[in-house]
Structures are given as C-alpha cells and as structure tokens.
Asks: 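Before I ask anything, let me first share the structure, which is written out below as structure tokens.
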Amino acid sequence: IIDRIAYLQAELTKYGMAYYVKDQPLVDDATYDALYRELEELEASYPQYQTEDSPTARVGGIILPGFEKAIHEIPLYSLSDVFTKEELFAFDQRVQKTLGYEPKYVCELKIDGLSISLTYEAGRLVRAATRGDGTVGENITENIKTVQSVPLRLPQEIDLEVRGECYMPKASFLALNQKREEEGLETFANPRNAAAGSLRQLDSKITASRNLSTFLYTLADFGPLQVTTQEEALVHLGELGFRINPEHHVCHSIEEVWSFIEDFHDKRSELPYEIDGIVVKVNEFAAQNSLGFTVKAPRWATAYKFPP
Ligand SMILES: COc1nc2nc(N)nc(N)c2nc1C
C-alpha cells in the first residue's frame with residue numbers, strides 16, 4: 001500500500017508540475033482525476049502515510065484566526081519608476097556613469113499581482129509571506145500552499161529564499177467576477193485586487209478555489225547556488241521547479257531595452273495576465289553590487305510603467 005501511495009504522490013506531483021508550472025500537460029484530466037481520487041481514498045484509509053507535501057494537501061482547509069507577522073531578514077525593496085523614454089535613458093546614463101561602461105540589461109514583465117517571498121529549508125517550503133512594508137509582512141504559508149504552481153518541495157534539499165508575484169489570470173478574474181455577480185456579491189475591480197483578496201483569506205479553502213498562479217523572479221538568498229547574472233538566476237529558478245515568466249530578454253543596449261518596451265506596449269492586451277510595466281535590470285550581479293541601493297530602491301533596476 002505504501003508503495004502505491006508513494007507512487008501516486010510522486011506521479012501526481014510530476015503531473016501537477018508539468019500542468020501548472022510548465023504549462024505542458026503530461027496526461028489528460030480524466031487520467032489525472034482518477035489517480036487523484038485513488039490517492040485521496042488511500043490516504044483517507046491510511047492517514048499515517050499522508051505527507052504534508054502530498055498533491056492532496058493543496059486543497060487547503062486551515063482556517064486561521066488571523067495572520068502572523070512575517071519578518072523579512074532580507075528586506076524586500078521597491079523599484080524606482082520611469083514613465084518616458086527620456087527618463088529611461090537618463091537611468092541608463094546614471095548607470096553608465098557609475099560603471100564606466102554600458103552594461104547588459106535583462107528585461108522582465110512587471111506582473112500586476114502581489115509580491116510574495118517563499119522560504120525553503122532543506123528543500124521544503126517552510127514560509128510564504130506578503131511584502132508588507134518590505135520588512136514586516138503577513139505569513140500566508142497555508143494559503144500559498146494551495147497555489148498549484150508553488151513547489152512544496154524542491155528537487156534539491158537546499159535552503160533558499162525566492163521572491164516573485166502571485167497573480168490571478170485574466171480568465172480566472174472574469175469567471176470569478178461573473179460568479180460573484182450571480183451570487184449578488186461585490187465584484188473585484190481588477191485581477192490584482194482579486195489576487196490580494198484571495199491571498200488574504202483566513203480560510204485557505206477559499207484561496208484554493210481562486211486559481212491563483214505565480215511568476216518568480218528573484219533569488220533573495222541563493223543558498224548554495226552559484227549564479228552571477230539575473231538571466232542565470234531566472235534559468236536556475238526554472239530548474240528548481242518555480243514558474244518563470246518566459247518573456248525575459250537580455251538586451252545589449254538601452255535602445256534594445258526601449259524596443260522591447262515598445263514591443264510589449266502593443267502585446268500586453270494579448271497576454272493572459274495583466275502587466276503594469278517592464279522591469280529593466282543590470283544583468284551582472286557584480287555590477288548590481290557596485291551600483292547598490294538608494295534608501296529604498298536598487299540603482300541597478302527601474303520599472304518602466306505603461307500608462308494605465
Ligand atoms: C529586483 O527587484 C524587483 N524585481 C522585479 N522583477 C519583476 N519582474 N517584477 C517585479 N515586480 C520586481 N520587483 C522588484 C522589487
């Protein structure tokens with residue numbers, strides 16, 4: 001029995017990863033559902049074999065009295081904003097002035113969701129927290145465990161802290177608001193508010209029903225990983241099983257950054273999620289270190305914001 005339970009837990013985790021993280025299903029829904037029901041029945045009959053990172057743990061069920069505070073050992077900083085091409089080029093001039101050369105930049109989409117920080121110990125998710133004021137957030141671990149694209153266990157037993165965005169896809173947002181209207185409930189103004197409302201639920205079953213997803217983009221504490229650029233960090237995050245937004249691009253000049261921005265200005269209405277800008281980062285971590293931070297934001301990154 002335990003072999004069958006362990007086999008089902010591993011298989012369903014693999015199928016879940018393929019479906020929710022890589023967006024490439026390995027089996028059809030009927031096959032997945034049948035195996036999932038078998039595992040549910042076996043774990044119900046043999047609860048001693050239920051594990052906290054079993055695929056059946058994603059349904060939630062904890063109702064918290066409130067959220068504990070979560071202290072960020074490594075503070076979550078915010079980004080400076082630029083709104084015009086001129087401001088973007090001025091950002092590049094400041095960077096070049098400090099570095100003495102034109103660095104490579106990496107461009108990433110700025111997802112309109114909620115910042116989250118995920119902490120893993122020996123490869124297991126031990127804490128998920130909201131950004132809060134950057135130093136103190138809310139512990140939302142039980143809710144984040146119901147977000148299917150968040151790995152409960154990493155392929156390596158390492159300590160790691162990663163950061164990214166939790167968001168609600170446009171399609172889920174429209175379906176949720178339609179349902180709420182039918183139920184005479186107040187609708188959400190936009191997917192970002194819907195995601196925030198869904199993550200701040202004290203009943204994790206409600207969070208589990210909201211079809212939230214994630215894109216991770218920052219290795220806060222690298223642990224044993226050897227990475228020297230942001231581009232490598234994104235690739236590594238993907239290899240560790242995190243969902244990475246595919247629209248990241250290394251640019252060799254600020255002109256190339258600008259054409260990436262123009263490109264997405266038009267494309268963004270076709271994306272299945274909302275973005276409010278493009279984040280531009282100096283790619284090399286060594287260069288990031290020599291640029292450092294202002295009081296609250298990195299000097300080596302900026303967010304080009306699209307007009308609302
Ligand atoms: C380096 O710091 C950051 N990087 C980011 N990258 C992306 N793609 N989106 C963000 N919202 C973001 N926010 C911050 C503070």
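Order of appearance sets the numbers: ligands from 1, and atoms from 1 within every ligand. Throughout, residue positions are numbered sequentially from 1 according to the sequence presented.
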Asks: Do Tyr32 and Tyr19 have ring centres separated by under 6.0 Å?
Replies: no

Asks: I need the atoms of ligand 1 closer than 4.0 Å to a non-hydrogen atom of Trp300, numbered in the order shown.
Replies: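 Counting from 1, the qualifying ligand atoms are 1 (C).
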
Asks: Ring of Phe264, cation from Lys267 - is the NZ or CZ under 6.0 Å from the centre and inside 45° of the axis?
Replies: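 Flagged: Lys267 positioned over aromatic ring of Phe264.
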
Asks: Are Asn245 and ligand 1 in contact, using a heavy-atom cut-off of under 4.0 Å?
Replies: no

Asks: Starting from atom 11 (N) of ligand 1, find the nearest protein heavy-atom neighbour and note its residue, name and distance.
Replies: Tyr217 OH, 3.4 Å

Asks: What atoms in ligand 1 come closer than 4.0 Å to a heavy atom of Leu109?
Replies: 8 (N)

Asks: State if His248 counts as touching ligand 1 under the rule of any non-hydrogen atom under 4.0 Å.
Replies: no

Asks: Can you list the ligand 1 atoms lying under 4.0 Å from a non-hydrogen atom of Glu165?
Replies: 11 (N)

Asks: Which residue owns the protein heavy atom closest to atom 3 (C) of ligand 1, what's the atom, and how far is it?
Replies: Leu79 CD2, 3.9 Å

Asks: Can you name the one residue among Leu125, Asp159, Val162, Leu160 that meets side chain to side chain contact (heavy atoms under 4.5 Å, CB included) with Leu154?
Replies: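 For Leu154, the side chain to side chain contact (heavy atoms under 4.5 Å, CB included) test succeeds with only one of Leu125, Asp159, Val162, Leu160, which is Leu160.
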
Asks: State yes or no: do Val21 and Val150 share one hydrophobic cluster built from I, L, V, M, F, W and Y residues joined by side-chain heavy-atom distances below 4.5 Å, directly or via other members?
Replies: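 In one cluster with Val21: Val150, no.
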
Asks: Quick check: Phe260 with Tyr105 (ring centres under 6.0 Å apart)?
Replies: no

Asks: Students should be able to answer this: which protein heavy-atom is nearest to atom 6 (N) of ligand 1, and at what distance?
Replies: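 That would be Lys281 NZ, 3.0 Å.
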
Asks: Can you pull out the closest protein heavy atom to atom 8 (N) of ligand 1? Residue, atom name and distance to 0.1 Å, please.
Replies: Glu108 OE1, 2.9 Å

Asks: Counting heavy atoms only, which part of Phe215 comes closer than 4.0 Å to ligand 1: side chain, backbone, both or neither?
Replies: neither

Asks: May I ask you to check whether Tyr167 and Phe215 place their ring centres under 6.0 Å from each other?
Replies: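 Aromatic pair counts; centres sit under 6.0 Å.
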
Asks: Does any N or O of ligand 1 fall below 3.5 Å from an N or O anywhere on Ser78, backbone included?
Replies: no

Asks: Starting from atom 2 (O) of ligand 1, locate the nearest protein heavy atom and write down its residue, its atom name and how far away it is, to 0.1 Å.
Replies: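 It is Tyr77 CE1, 3.1 Å.
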
Asks: Please check if the number of heavy atoms outside Lys104 that lie under 6.0 Å from its NZ is greater than 12.
Replies: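 No - once you tally the heavy atoms of other residues, nucleotides and ligands closer than 6.0 Å, there are 12 at most.
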
Asks: Just by distance, no angles: are the side chains of Glu161 and His72 close enough, under 3.5 Å, to form a donor-acceptor pair?
Replies: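 There is no such pair (donor and acceptor under 3.5 Å, judged by atom type) between the side chains of Glu161 and His72.
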
